[in-house]
Amino acid sequence: MRIDIITVAPDLLKSPFEHSIIKRAIDKGIAEVHFHNLREYGLGNYRQLDDTQFGGGAGMVLMIEPIDSCISKLQAERNYDEIIYMTPDAKTLNQSTANTLSLKENIIILTGHYKGVDQRVRDKFITKEISIGDYVLTGGELAAAVLCDAVIRLIPGVLGDETSALTDSFQDNLLSPPVYTRPSNYKGMQVPEILLSGNFPKIEEWRSDKAYERTQKIRPDLLDQ
Ligand code: 6GU
């Protein structure tokens with residue numbers, strides 16, 4: 001999978017791709033991530049990217065022209081399955097969207113800043129808009145990093161243990177059950193007996209009960225979906 005990220009702050013974005021599982025996926029060639037500094041497509045000597053909004057109001061808006069230049073250049077080189085715009089005024093990212101995106105070949109991610117982008121960018125280029133939650137970040141860069149992490153780890157071959165993504169929280173709309181490791185008794189705090197029993201069918205049943213219980217308590221909304 002190839003991901004092209006268009007951003008005004010590439011440095012803010014790079015570090016999450018330089019560690020652990022995501023780095024390994026990139027080193028193995030399973031995922032390829034390219035950063036494009038929108039500033040390089042800015043207008044005039046000052047490489048202008050944004051302007052005040054028509055109709056008045058506070059906040060600058062990213063102009064269509066530099067974004068068009070950057071996206072068109074990429075599209076001339078290959079076909080893209082999705083052109084995603086990271087913005088708080090969109091549907092919230094969930095595991096199902098991450099699963100779907102992990103099967104794509106080429107995607108572009110555009111990260112917004114300021115008041116956002118000219119609506120015509122969204123109308124003309126964007127195929128999918130994603131928010132990462134109901135709160136506002138200063139820019140879409142961290143959100144793009146979150147999206148990429150969620151997606152890249154799902155690409156086949158990225159996680160060492162092929163089954164581990166399948167038992168994630170949310171993979172079946174349930175939160176994960178509690179997990180324990182040694183020691184089995186820590187200052188009187190005992191690991192549930194069943195986990196030490198070696199009775200694997202019973203352990204699975206316990207885990208699934210606990211997952212359901214936890215979901216019911218913390219995220220009952222997930223059970224309605
Ligand atoms: Cl994608 N962008 C910004 N700026 N804020 C957010 C977000 C995205 N998702 C949640 N808050």
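All residue numbers in this chain count up from 1 along the given sequence. As a basis for the values below, the full set of heavy atoms in this structure was taken, side chains included, without hydrogen atoms, waters or symmetry mates. Order of appearance sets the numbers: ligands from 1, and atoms from 1 within every ligand.
- In this structure, atom 3 (C) of ligand 1 lies nearest to the protein heavy atom P88 CD, 3.4 Å.
- Any N or O atom pair closer than 3.5 Å counts here, and T138 shares no such pair with ligand 1.
- Contact annotation: for D134 versus ligand 1, there are no heavy atoms closer than 4.0 Å.
- From the protein, the heavy atom lying nearest to atom 11 (N) of ligand 1 is Y135 O, 2.5 Å.
- Of the protein's non-hydrogen atoms, the one nearest atom 5 (N) of ligand 1 is L137 N, 3.0 Å.
- Here the protein heavy atom with the shortest distance to atom 9 (N) of ligand 1 is I132 N, 2.9 Å.
- Every atom of ligand 1 is numbered from 1 in the order shown, and the set under 4.0 Å from a heavy atom of I130 is 1 (Cl).
- One N or O on the side chain of N106 and one on the backbone of N79 form a donor-acceptor pair closer than 3.5 Å.
- Using a 3.5 Å distance cut-off with no hydrogens or angles, the side chains of E129 and T87 do not pair a donor with an acceptor.
- Aromatic ring centres of Y85 and F125: separated by at least 6.0 Å.
- Nearest-residue assignment for atom 10 (C) of ligand 1 (options G133, G116, A143; heavy-atom criterion): G133.
- In this structure, the protein non-hydrogen atom closest to atom 1 (Cl) of ligand 1 is T87 N, 3.1 Å.
- Defined by atom type and a distance below 3.5 Å, a donor-acceptor pair is missing between the side-chain atoms of S96 and N99.
- Here the side chains of K104 and M1 are in contact, with some heavy-atom distance below 4.5 Å.
- Applying the 6.0 Å contact sphere to CG of D27 captures more than 12 heavy atoms from other residues, nucleotides or ligands.
- Between Y180 and W206, the two ring planes are tilted [angle within 30° to 60°].
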